[in-house]
Amino acid sequence: MVSGVRFAVVGDATLDVTVAPDLPSRAAGDVPATIRLGPGGQGANVAVRLARSGAAVTLVSAMADDAAGRLLREALLAEHVAVAPVATARSSIVLALLDADGERTMFSDRRGLDPPAVAAALADATWIHCSGYALLDDESGDALAEVLAARTAEQRLSVAGGSLAVEPGRVERFARRLRIARPQLLVLSLDEAAALAGNPPGSRVAAVASRLGGFADVAVATDGSRGSSAAISAQLVEVAAPGLPGPALDSTGSGDAYAAAMIATLARGEWPPGRDELEGAMQRASELGAQVARVVGAQGRVAAERGPTRVQR
């Protein structure tokens with residue numbers, strides 16, 4: 001349980017439609033599939049995993065009073081996640097199409113955030129976590145970076161994810177916003193980290209992580225079943241992925257689970273963490289991320305999550 005820490009997570013809450021076809025798709029065809037409807041969104045996924053670890057957490061997210069928004073609120077409150085909704089015309093919806101290996105292609109209708117409304121919701125937080133998608137939004141990303149930079153000296157900031165594509169202008173805007181926001185912790189997938197660091201495709205995760213040190217006190221690059229690496233104080237920490245039984249079914253949300261476990265573990269100690277503390281956090285994060293990849297749904301419950309824990313708010 002994470003005691004004495006109040007988390008505010010800034011990012012998406014989406015209604016996820018997950019489609020797992022039984023056969024290859026064909027033009028103008030009718031392909032049988034398993035289709036599931038459930039809560040998701042990078043911000044909500046992290047907030048739910050934090051709440052299941054016993055943390056006091058508030059999700060700051062664009063959410064309308066529509067059918068999708070009402071379903072999302074109900075699901076979040078059931079997980080003991082407080083909601084600070086930011087007004088928007090409609091709630092976010094994402095379609096995730098799964099292939100035979102559990103990898104997904106996402107079709108997203110995400111709604112942006114109003115930075116002044118976000119700022120008002122962060123005042124009482126001890127640790128602020130911001131989704132990379134929110135910083136990548138070109139309508140509000142610059143202003144949001146300034147809001148995050150204006151946090152108090154006692155507030156820590158982490159940033160994770162965002163599906164950063166290798167598009168020079170977009171990468172430069174994201175890098176600039178990170179330098180403005182000055183996060184203590186940055187967690188990216190290998191592809192995202194390589195785009196930000198300027199490494200060529202196919203680079204090893206350790207080589208990529210070693211070039212991220214200028215963006216955060218601790219910068220982590222994850223590579224799924226091939227493990228993760230972190231750069232801290234000119235040192236490199238490498239952790240192998242756990243060898244869990246069974247195939248990966250759905251990678252949706254596994255990176256968010258990794259980030260949540262890292263945050264929950266590191267929030268208990270002093271900053272910056274020591275090498276042993278960081279390695280232990282990465283191991284716990286890898287374990288949870290691997291478990292989540294073996295269930296379907298971005299917020300699918302795993303064995304380690306026996307049930308939401310009520311905390312003092």
Self-check item: Exercise: identify the closest heavy-atom pair between G300 and V295
Solution: O-CG2, 3.7 Å

Practice problem: Provide the full list of side-chain hydrogen bond (donor to acceptor under 3.5 Å, both in side chains) pairs with a residue in residues 285-294, sequence neighbours left out, each pair given once. | Solution: E287-Q291

Quiz item: Say you draw a straight line from NE2 of H80 to CG of L50; how long is it, rounded to the nearest 0.5 Å?
Solution: 14.5 Å

Quiz item: Who are the side chain to side chain contact (heavy atoms under 4.5 Å, CB included) partners of S91, not counting sequence neighbours?
Solution: M63, A64, D66, A68

Self-check item: Qualifying residues under side chain to side chain contact (heavy atoms under 4.5 Å, CB included), relative to T222, sequence neighbours excluded
Solution: V187, S189, V220, S228, Y258

Quiz item: In the single-linkage hydrophobic clustering (I, L, V, M, F, W, Y; side-chain heavy atoms under 4.5 Å), do L37 and V296 co-cluster?
Solution: no

Quiz item: Name the one of L71, V57, V81, T58 that satisfies side chain to side chain contact (heavy atoms under 4.5 Å, CB included) with L76?
Solution: V81

Quiz prompt | D138: partners by salt bridge (charged side-chain N to carboxylate O under 4.0 Å, His left out), with sequence neighbours left out | solution = R173, R177

Quiz item: If every non-hydrogen atom of A121 is compared with every non-hydrogen atom of A84, which pair is closest and at what distance?
Solution: CB-CB, 4.1 Å

Practice problem: Keeping to residues at least two apart or across chains, list the salt bridge (Lys or Arg N to Asp or Glu O under 4.0 Å) pairs with something in residues 254-264. | Solution: none

Quiz prompt | Connected hydrophobic set around V205, excluding itself, where side chains approach under 4.5 Å | solution = L190, V208

Practice problem: Determine, step by step, whether R176 and D142 satisfy the side-chain contact (heavy atoms from CB on, under 4.5 Å) criterion, reporting the C-alpha distance in whole Å, the side-chain angles of both residues, the deciding distance to 0.1 Å, and the verdict. | Solution: CA-CA 9 Å; R176 184 181 71 246; D142 286 338; 3.0 Å; yes

Quiz item: Do the side chains of V19 and V94 join up, straight or via other hydrophobic residues, at under 4.5 Å, putting them in one cluster?
Solution: no

Exercise. Inspect the surroundings of CD in Q235 and state if more than 12 heavy atoms from other residues, nucleotides or ligands are less than 6.0 Å away.
Key: yes

Quiz prompt | Ring geometry between W271 and W127 (parallel below 30°, tilted from 30 to 60°, perpendicular above 60°) | solution = perpendicular

Practice problem: Among residues two or more places apart or on two chains, list those pairs meeting salt bridge (Lys or Arg N to Asp or Glu O under 4.0 Å) that have a residue in residues 199-208. | Solution: R204-E238

Quiz item: Are D217 and Q184 linked by a side-chain donor-acceptor pair shorter than 3.5 Å?
Solution: no

Quiz item: Is there a donor-acceptor contact under 3.5 Å from the side chain of R73 to the main chain of V83?
Solution: no

Practice problem: List, by chain and number, the other hydrophobic cluster members for L178, where Ile, Leu, Val, Met, Phe, Trp and Tyr join if side-chain heavy atoms come within less than 4.5 Å, directly or indirectly. | Solution: V10, V60, V86, L113, V118, L122, I128, L135, L136, L144, V147, L148, L157, V159, L164, V171, F174, L186, L188, L196, L212, F215

Quiz item: Judged by atom type as modelled, is there a donor-acceptor pair below 3.5 Å linking the side chain of E192 to the main-chain atoms of S163?
Solution: yes

Quiz prompt | Within one Ile-Leu-Val-Met-Phe-Trp-Tyr cluster: I35 and I93, side-chain cutoff 4.5 Å | solution = yes

Practice problem: Heavy atoms only: give me the nearest G11-L59 pair and the separation to one decimal. | Solution: O-CD1, 4.2 Å

Quiz item: Counting only N and O atoms by type, is there a donor-acceptor contact under 3.5 Å from the side chain of R211 to the main-chain atoms of A197?
Solution: yes

Self-check item: With R151 via salt bridge (charged side-chain N to carboxylate O under 4.0 Å, His left out) - residues at least two apart
Solution: none

Quiz item: Stepwise, does the side-chain contact (heavy atoms from CB on, under 4.5 Å) test hold for E279 with V239?
Solution: CA-CA 7 Å; E279 185 173 353; V239 169; 3.9 Å; yes

Quiz item: Of all residues at least two apart in sequence or in a different chain, which pass the salt bridge (charged side-chain N to carboxylate O under 4.0 Å, His left out) check with D109?
Solution: R90, R111

Exercise. Any salt bridge (Lys or Arg N to Asp or Glu O under 4.0 Å) involving residues 10-30? Give me the pairs, sequence neighbours left out, ordered by first then second residue.
Key: D12-R110

Exercise. Specify the closest pair of heavy atoms between A143 and P115, including all atoms of both residues, with the distance to one decimal.
Key: CB-CG, 3.6 Å

Quiz item: What distance separates S251 OG from L98 CG, expressed to the nearest 0.5 Å?
Solution: 7.5 Å

Exercise. Report the distance from atom CG of L95 to atom OG1 of T18, rounding to the nearest 0.5 Å.
Key: 8.0 Å

Practice problem: Report the distance from atom CD1 of I263 to atom OG of S158, rounding to the nearest 0.5 Å. | Solution: 3.5 Å

Exercise. Provide the closest heavy-atom pair for S61 versus A13 in the form atom of the first, atom of the second, distance.
Key: OG-N, 3.0 Å

Exercise. Provide the closest heavy-atom pair for P273 versus I232 in the form atom of the first, atom of the second, distance.
Key: O-CD1, 3.3 Å

Quiz item: What residues, two or more places apart in sequence or in another chain, satisfy salt bridge (charged side-chain N to carboxylate O under 4.0 Å, His left out) together with R49?
Solution: E305

Quiz prompt | Chi angles and distances behind the side-chain contact (heavy atoms from CB on, under 4.5 Å) call for R284, M262 | solution = CA-CA 7 Å; R284 283 185 280 275; M262 279 280 293; over 6 Å; no

Quiz item: What is the distance from atom OG of S53 to atom CZ of F7, rounded to the nearest 0.5 Å?
Solution: 6.5 Å

Quiz item: Under 3.5 Å, is there a donor-acceptor pair between the side chain of R156 and the main chain of T126?
Solution: no

